[in-house]
Amino acid sequence: MKRRRRFLTTVVLIVVLIYITLLLLLMWVEKPEPASSINTFIDALWYSVATLTTVGYGDTAPVTPLGRAIGTVFVLLSTGILVTLVSALISFLASEGFPLLRLSFQRQKNWYYFADTGIESTTLARKILESDDQAVIIYGQSRNKVEETPDYPCLFANVSPARIARRKGNQGSKCSVFFMQENAIGVDPRAVNISDLPVEVYARTVSGEEMLSGNIHFFHCYECCAREYWRQKPLSRRERRIVLIGFGYYGAALLKYAILTNVISPDHHVAYHVFGDAEQFLQMHNHLDLAFSMQKEAEDRDSLIFHDTGWAAAHDILAAADRIILCDDDEQKGWDIFWHLRRYYLIRGRIDLRSSRPIPDVSHIGVTSDIYTPEHGLRTTLNHVAISMNNLYRSSHPKTALDWDHLTDNLRQSKIAASEHLFVKVRILLEDETLTELTADTLAQAYAVYCDNIQDPARLDEYRKIEHLRWFRYYLYHNWTYGTVRKPALRQDPRICPYEALAPYEQAYGDYAWKLMGELRLKNGG
């Protein structure tokens, strides 16, 4: 394809050169003749256009023998030149040249380049257009290779991100690149040297840190699903037993965020029953027994029970469950289990089914349009909250705390995990378990309740226990252990111990996570 375009370009250049030469020659031989109507280059051009298009107005015509010979050439070449020019125009419109030309007039807008047009890419692109009226969506593919053209404004340009970045230059406010195929950042040739480009890169992956380099950000669709699930379908105080069936990527992510965010009271304890292959999970997270009762339900702490046998024989556990989450990576398998549970089992709790599409009258999770959003992909709101939390902490610890850009990935993730628990804190303070969105008003109300309640030492102690337990579980999940001094290289911290063993100043360490509501309230103009 590229060779053909280069050939056509060469042919067009040669034809144009010959054409201009003939026009100059025609003007040169006709101009001295008094009776000639071709005295300027414009006259020669007008005559040639009328001849080549076979219109032939007759207002200009050569009178010299050589001029008539040139005119004969124009007549003979009219069809060929016209076809060549039309072919060149069509080739230009069908190639990358035309969309790149269009982009040149939109440099002040925000460019979003997607390496492919899969369902994940088109879903996120549509959401970006809804939230950014200055967005220009660019797909790095040829239009003729796309099975179904999106029904929203977009451009197709089969060019690399580097070429897009060069075209964008330093104009406008944003240029973002998306690799939406899993782990494409390591195998897609267009990702080579992507870290050297002046663009923000967002890459979908199943593992890895949130940031690879200064401009490459990873996001995990499984973790996005888990975050969205526990936010939209939060744990309530009446729920004591949760069952997860299927323990692949989705199941592991759902359990992870249950561990990290489902802390609503020091006295509320939940048993999580997991059906699926959890051997690797348990090997990687081998300190969870310090916070959880393992393999046995307990009255004084949350429990994690991993079943070696299949779910089909666990009639009593399923019947006693407050909710059952069907989260197998194989969506069809999840549907099969769903129908079997409905048909053969006594189920008192609700069933949440993982489905990429919404299903009427079925409580579902993991819908594509809920996962692939700017909020999850670009993480703008969540990161803003985490950065605000870090700034609030720095104001209390100016000598030791670092700004956001200098935090390690672990510390950033710790702040992000704390900011995700903000939803839970607001629900606790407002005593509203149905709350799924934060607004300036809800933050203001929650902060007012917090300021009033902490006048009671018992309530203040309760809030501190909740935050310490959340923090404690985060670091145990990441295999930190107790140490007399904090040593990140050894994953040791002196606060990795029960709340009662902390010194009073250590018990107050997490107060800033509650005070963040006041900080965000002010930022929202409350």
[X] with [Y]: basic N within carboxylate O range, under 4.0 Å:
X	Y	value
R126	D151	yes
E467	R464	no
R459	E462	yes
R427	E433	no
E297	R240	no
D493	R486	yes

**Item:** Beyond-backbone contact of Y152 with T122, side-chain heavy atoms, under 4.5 angstrom
**Value:**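 With C-beta onward as the side chain, the pair touches.
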
Can a side-chain donor-acceptor contact be found between [Y] and [X] if the only test is distance below 3.5 angstrom?
X	Y	result
D116	Q181	yes
D336	Q332	yes
D461	Y499	yes

**Prompt:** Would W514 and Y463 count as a close aromatic pair, with their ring centres under 6.0 Å?
**Reply:**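 Ring-ring flag for W514/Y463: true, centres closer than 6.0 Å.
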
**Request:** Please check if the distance between the ring centroids of Y474 and W471 is under 6.0 Å.
**Result:**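 Ring centres of W471 and Y474 not closer than 6.0 Å.
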
**Request:** Return the set of residues passing ring pair (Phe, Tyr, Trp, His ring centres under 6.0 Å) with F292 (not counting sequence neighbours), or none when no residue passes.
**Result:**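 Expected list: none.
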
**Item:** Test ring pair (Phe, Tyr, Trp, His ring centres under 6.0 Å) applied to W111 - qualifying residues, sequence neighbours left out
**Value:**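 With sequence neighbours excluded, W111 shows a ring pair (Phe, Tyr, Trp, His ring centres under 6.0 Å) to no residue whatsoever.
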
**Prompt:** So H307 and H273, would you call those rings parallel, tilted or perpendicular, with 30° and 60° as cut-offs?
**Reply:**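 Ring orientation, 0 to 90° scale: parallel.
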
Strictly distance-based, threshold 3.5 Å: is any side-chain N or O of [X] a donor or acceptor partner for the main-chain N or O of [Y]?
X	Y	value
R470	V263	no
D330	G246	no
N479	M284	yes

**Message:** Are there over 12 heavy-atom neighbours, none belonging to R342, within less than 6.0 Å of that residue's CZ?
**Reply:**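 Atom CZ in R342 is not crowded, with 12 or fewer foreign heavy atoms closer than 6.0 Å.
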
